[in-house]
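Below, chains carry the letters A, B, ... as their sequence lines are ordered, and counting in each starts from 1. Note that the structure is a prediction, hence the values are computed from the model and not measured.
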Amino acid sequence: MCSEHDPRDNGPFPLSTLRHSVSHLMASAVQKLYPGAKFGFGPAIEHGFYYDIELPEPVEDKDLRKIEKEMERIAKRTPELVREEVSRADAKTRLGAKEQTYKVEAVDLIPEGETITFYRHGDFEDLCEGPHLDRLDRGFHFKLLNIAGAYWRGDENRPMLRRIYGTAFWKKEELDAHLAWLEEVKLRDHRKLGTELDLFSTHAEAGSGFVFWHPHLGAVRRAIEEFMFQEQARRGYDFVYTPHVMREDLFKTSGHLENYGDMMYEGFGIENARYRVKPMNCPGHVMIYATRSHSYRDLPLRMAELGTVYRFERSGVLHGMMRVRGFTQDDSHIFCTPDQLEEEIAGVVELIDMVLRTFGYTYKAYLATRPEKAIGEPAIWERATKALQGAADRVKLPLELDEGGGAFYGPKIDFKVKDSLGREWQMSTVQCDFNLPERFKIHFTDSDGQQKRPIMVHRAILGSLERFIGGLIEHFAGKFPVWCAPTQVAVIPIREEHAAYCKQLEKQLRGELYRVDCMDAPGHMNNKIKDAQQQQIPFMLIAGDREAAEGTVAVRRRGTREQQVMPFAEFKVLLDRLRSTRSLGLE
RNA sequence: GCUGCUGUAGCUCAGUGGUAGAGCACUUCCUUGGUAAGGAAGAGGUCGUGGGUUCAAUCCCCACCAGCAGCUCCA
C-alpha cells in the first residue's frame with residue numbers, strides 16, 4: 001500500500017492525491033483525443049490509478065503513448081487545477097449538457113447534504129470530491145500501463161467501459177523502480193517459469209482449468225506433502241481417503257446443493273441414482289465420523305485428507321495454477337466438544353504459523369463473519385465467532401475484521417501471506433462449523449452420558465496445492481530451497497572419463513533419496529554449468545582428475561560463480577543439514 | 001460469463017492472398033574441454049479447429065476452442 005509508511009510518499013502532496021490528479025489529467029487528454037468520451041470513475045489505487053471511460057472508438061495499448069504525450073502538453077499549457085463548489089441541480093445540468101451520463105448518475109450517489117465539487121483545468125472539468133494537486137506542473141513522473149474492460153459500477157449487468165491503468169510518482173527513480181518491479185513480477189510469473197523449468201502444463205485438449213504436474217513440480221509437491229504429513233502426524237491427525245463422486249442426496253443434506261450449487265458441476269446418473277463430483281471434502285469426512293458412536297474420550301478427532309475437489313469457475317477467471325477447476329486441498333476436519341474448541345483452533349493457528357514460516361512468508365489474519373447467504377441461527381454464529389476470537393487471543397494472534405466474509409456454514413479466520421514481492425495472497429483458513437453436525441445429526445456421548453453434538457473445525461493450511469505451489473514458484477522465483485527443489489544436486493564431470501566418479505556420487509546421493517542429475521551426456525562442461533544454473537538447481541558438484549583422486553567435489557551454489565572444493569562427505573553433511581532443517585538458504 | 005487483444009516448429013518469435021522462416025532446444029558426427037552457450041550436418045509445421053469469400057487462404061470474414069490484460073466471482 002502506498003498509504004502506510006511508503007517512503008515514496010514524499011512529495012508536496014500525498015502520493016494518492018498525485019495519482020488521483022494524474023488520473024484527471026489523463027481523462028482530459030482522452031477527451032481531447034477522443035471527443036465524445038464519457039467518463040465513469042477514476043480513482044487512485046494501490047500502485048497507481050485508473051479511469052473508466054466509454055470511448056467512441058477502440059483504443060489499443062499503442063495509443064497510450066499518444067495519450068501520454070497529450071497529457072504532458074495539457075499539464076504544461078493549463079497547469080492550474082481549480083476547485084469549484086456547485087449545487088446538485090447545477091452539477092446535473094452541466095454534466096447533462098455534455099452528455100456525461102455516467103457522471104450524472106454519479107451525482108445521485110453523493111449523499112444528500114454533502115458538498116458537491118467540480119475540478120477544472122483548461123477546458124476539462126470533472127465531477128470529483130478531490131482533493132487534488134493545486135497545479136499539474138509540479139514535476140512528477142507518470143506512465144500509462146494497460147487497458148482492460150470494466151463494468152460500470154462493477155455490475156456485470158451494466159455497460160462495460162474501457163479502463164486505462166497508469167501510475168505516477170514524485171521522483172523519476174521511483175517510477176523506474178516501480179516499472180522494474182513490474183518487470184520482475186512478469187519474469188517470476190509461475191506460468192512463464194512453469195514452461196521454462198518444465199514444471200506444469202494445461203491443455204486445450206484436456207479442458208481448461210486442469211493442471212498437469214510434470215516430474216519437476218511433482219517432486220516439489222511430494223516434498224511438501226511429506227512435510228505436511230509429518231507435521232500433522234506429529235500433532236495427532238489421522239489420514240483418510242474419500243470418494244470423488246458421491247450421491248446427490250448427500251449434498252442436499254450437507255446444504256451444498258442449496259448454498260454452493262452454482263459452483264458444482266451437473267449431476268449424472270449411475271443406475272437409479274443421481275451423483276455429483278464433490279466441491280468440498282466435509283460431507284465425506286462426516287460419513288466416516290458417523291460410522292460408529294463416539295465417546296467424549298475419542299475427541300478431538302482430527303481427520304485429514306489431501307482431497308481433490310472440482311468447482312465450476314467461469315472461463316474468464318482461470319489463471320495458470322492459481323485459479324483452476326480441479327484442485328487438491330490439504331483439508332482437515334476436527335470433530336471436538338465445545339470445551340475443546342478454543343484449544344483446537346489455537347493448535348491449528350500454531351501449525352499454520354509454523355508452516356508459513358518454513359516457506360519464508362509473513363502473514364496477517366482476518367476474522368471473517370456471517371455472510372448474507374448463510375445457514376444456522378445467529379446465536380450459533382456468535383458463539384463460533386467468539387471461539388475464534390478467544391483462540392486468537394490465547395496465542396496472541398492479532399485479527400483484522402472481514403465483515404460478512406465467512407463461509408455459508410460458519411465464521412472463519414483467514415490468513416493472508418505476503419510474498420517476496422510484497423504481494424498478498426489468501427492462503428490458510430480455520431473455520432468453525434456448528435451446522436454440518438446438526439444437518440447430519442452426528443453426536444458423541446459426553447461424560448454425563450448425554451448424547452451431544454460435536455463441533456467441526458474445517459481447516460486448510462496450504463489451501464489448494466495448486467494455488468499454494470503456483471504462489472511458491474513466484475515467491476522463490478523458481479529457486480526452491482534444497483528440501484523441496486525439483487533437482488537438488490547436479491553432478492558434472494569435467495571430461496567424459498570422470499563420468500564414472502560422478503555416477504558414483506549420484507548413486508550415493510540417490511541412495512539417500514536426494515534428487516540428483518548426473519549430467520554425463522557428451523558435451524562440454526561449460527554448457528552443462530549453464531544448463532544447471534538456468535534450471536535453478538541449488539548445488540552443482542563438478543569433478544575432474546583432482547576430485548576423483550581425492551574423493552572431493554568442487555561445489556558451486558546456485559546464483560554464484562564461486563566454487564568451494566571439499567570432501568564429498570563434508571558436502572553430504574551440509575546437504576543433510578539443509579534438508580532436515582528445511583533451510584531457505586544454501587549455507 | 002463480459003470487454004479488448006492474441007493463437008505460425010518443443011520454447012521464444014519473424015513473415016506473406018500464390019501451401020513458410022530465425023534463434024534456442026532436439027538427433028547425428030566432429031570436438032577431451034577446469035566453472036554460463038565449441039563446430040558442422042540433419043530432422044521437425046494440415047500456420048488453434050470448423051465453416052465462408054476467392055481461380056487460389058496461414059493471411060480476409062464468421063463461429064467455436066484455447067490463452068493474455070482486466071471486470072465480476074473465488075481455494
Side-chain angles (χ1 to χ4, degrees), chain A residues 50 52 54-55 58-62 145-165 186 189 191-192 194-198 201-209 260 262-263 279-281 307 309 311-331 405 407 414-415 425-429 431 458 460-468 470-471 492-499 522-535 540-547 554-557 559-565:
Chain A
Y50 67 76
D52 287 344
E54 186 182 288
L55 289 155
V59 207
E60 287 175 44
D61 286 338
K62 60 177 192 282
L145 296 170
N146 52 337
I147 304 178
Y151 298 111
W152 167 234
R153 297 183 58 196
D155 183 343
E156 61 184 319
N157 300 311
R158 316 269 331 238
M160 183 163 272
L161 312 179
R162 310 293 298 152
R163 175 172 294 182
I164 305 178
Y165 286 92
K186 235 184 254 172
D189 190 310
R191 294 164 301 180
K192 185 175 162 68
T195 305
E196 286 171 6
L197 302 178
D198 194 11
S201 54
T202 55
H203 303 270
E205 303 94 301
S208 54
Y260 207 72
D262 292 348
M263 298 293 285
M280 290 190 193
N281 302 302
V309 297
R311 298 182 186 174
F312 171 69
E313 295 284 2
R314 301 203 283 180
S315 56
V317 308
L318 300 174
H319 185 88
M321 300 183 73
M322 302 299 225
R323 193 74 185 272
V324 294
R325 287 176 173 159
F327 57 96
T328 301
Q329 296 179 305
D330 65 324
D331 209 354
D414 282 330
F415 290 74
W425 303 95
Q426 147 82 58
M427 217 149 264
S428 317
T429 182
Q431 314 179 346
H458 305 237
I461 313 289
L462 309 177
S464 108
L465 288 169
E466 282 73 7
R467 183 176 283 184
F468 184 82
I492 301 173
I494 286 175
R495 285 198 306 280
E496 226 166 290
E497 65 199 73
H498 308 125
H524 283 209
M525 176 185 70
N526 281 353
N527 204 18
K528 293 174 185 177
I529 289 171
K530 181 208 71 178
D531 283 346
Q533 202 71 265
Q534 285 184 344
Q535 284 295 306
M540 276 181 242
L541 302 184
I542 297 163
D545 289 329
R546 286 201 300 274
E547 288 78 8
V555 177
R556 182 169 157 159
R557 288 175 170 83
T560 73
R561 284 161 177 262
E562 288 126 45
Q563 41 185 316
Q564 192 182 352
V565 178

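The base of rA36(B) lies outside donor-acceptor range of the side chain of K530(A), with no N or O pair under 3.5 Å. A donor-acceptor contact under 3.5 angstrom links the side-chain atoms of R314(A) to the base of rU72(B). Between the side chain of Y151(A) and the base of rG70(B), no donor-acceptor pair under 3.5 Å is found. Between the base of rU32(B) and the side chain of H524(A) there is no donor-acceptor pair shorter than 3.5 Å. No hydrogens or angles were tested; on distance alone, nothing pairs the side chain of R311(A) with the base of rC73(B) as donor and acceptor under 3.5 Å. Taking 3.5 Å as the limit, the base of rG48(B) and the side chain of E205(A) contain no donor-acceptor pair of atoms between them.
Across all strands shown, the partner of rU28(B) is rA40(B), judged by Watson-Crick or G-U wobble contacts whose two distances both fall under 3.5 Å. The partner of rC64(B) is rG48(B), judged by Watson-Crick or G-U wobble contacts that both fall below 3.5 Å. In this entry rU3(B) has rA69(B) as its Watson-Crick or G-U wobble partner, both defining distances falling under 3.5 Å. Base pairing of rA56(B): no nucleotide in any strand meets the Watson-Crick or G-U wobble criterion (both distances under 3.5 Å). Here rC74(B) sits opposite no nucleotide as a Watson-Crick or G-U wobble pair (both hydrogen-bonding atom distances under 3.5 Å). Applying the Watson-Crick and G-U wobble criteria (two distances, each under 3.5 Å), rC13(B) pairs with rG21(B).
Set against rA75(B), rG33(B), rG38(B), the side chain of Q329(A) has rA75(B) as its closest nucleotide. The side chain of Q534(A) sits closest to rA36(B) out of rU32(B), rA36(B), rU3(B).
Annotation: side chain of M321(A) is not in contact with side chain of F327(A) (no heavy-atom distance under 4.5 Å).
Side-chain N/O atoms of R191(A) include one lying less than 4.0 angstrom from OP1 or OP2 on rC68(B). At rA36(B), one or more side-chain N or O atoms of R561(A) fall inside 4.0 Å of OP1 or OP2 (strictly under the cut-off). Remark: R556(A) is in phosphate contact with rA36(B), judged by side-chain N or O atoms under 4.0 Å from OP1 or OP2. The shortest distance between the side-chain N/O atoms of T195(A) and the OP1/OP2 oxygens of rC11(B) is not below 4.0 Å.
Contacts of Q564(A) with the nucleic acid, taken as non-hydrogen atoms under 4.0 Å apart, are absent. Residue D545(A) is in base contact, counting any heavy-atom pair closer than 4.0 Å across all strands shown. Nucleic acid contact for V324(A): base, since at least one base atom lies under 4.0 Å from a heavy atom of the residue.
If you take atom P in rC61(B) and the same atom in rU6(B), they sit 11 Å apart, rounded to whole Å. The C1' atoms of rG50(B) and rG7(B) are separated by 16 Å, rounded to the nearest whole Å. Spacing of C1' atoms, rU46(B) relative to rA40(B), comes out at 32 Å, to the nearest Å. Of the C1' atoms belonging to rC62(B) and rA25(B), the separation is 38 Å, rounded to the nearest Å. If you take atom P in rG38(B) and the same atom in rU32(B), they sit 14 Å apart, rounded to whole Å. Using C1' as the reference atom, rC68(B) and rA75(B) are 22 Å apart when rounded to the nearest Å. Taking atom C1' in both rC60(B) and rU72(B), the straight-line distance is 35 Å, to the nearest Å. Rounded to a whole angstrom, the distance from the P atom of rG23(B) to that of rU19(B) is 23 Å.
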### Task
Would you check, one step at a time, whether the test side-chain hydrogen bond (donor to acceptor under 3.5 Å, both in side chains) holds for T429(A) with Q431(A)?
CA-CA 6 Å; T429(A) 182; Q431(A) 314 179 346; 3.2 Å; yes
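Counting only N and O atoms by type, the side chains of R467(A) and Q426(A) include no donor and acceptor under 3.5 Å apart.
Judged by distance alone, the side chain of N146(A) and the main-chain N or O of I164(A) form no donor-acceptor pair under 3.5 Å.
In terms of heavy atoms, Q563(A) sits closest to A554(A) at OE1-CB, 4.2 Å.
We find that D189(A) and R191(A) are joined by a salt bridge, their nearest charged nitrogen and carboxylate oxygen being less than 4.0 Å apart.
Put simply, Y165(A) does not rest on the base of rG70(B): the two rings are not both less than 5.5 Å apart at their centres and under 30° in tilt.
Along RNA chain B, the nucleotide nearest A150(A) and the nucleotide nearest E313(A) are compared for position; the residue whose nucleotide lies closer to the 5' end is A150(A). For the pair V59(A) and A204(A), nearest-nucleotide mapping onto RNA chain B gives the more 5' position to V59(A).
If you run side-chain contact (heavy atoms from CB on, under 4.5 Å) between I492(A) and each of N527(A), I529(A), L541(A), only I529(A) comes through.
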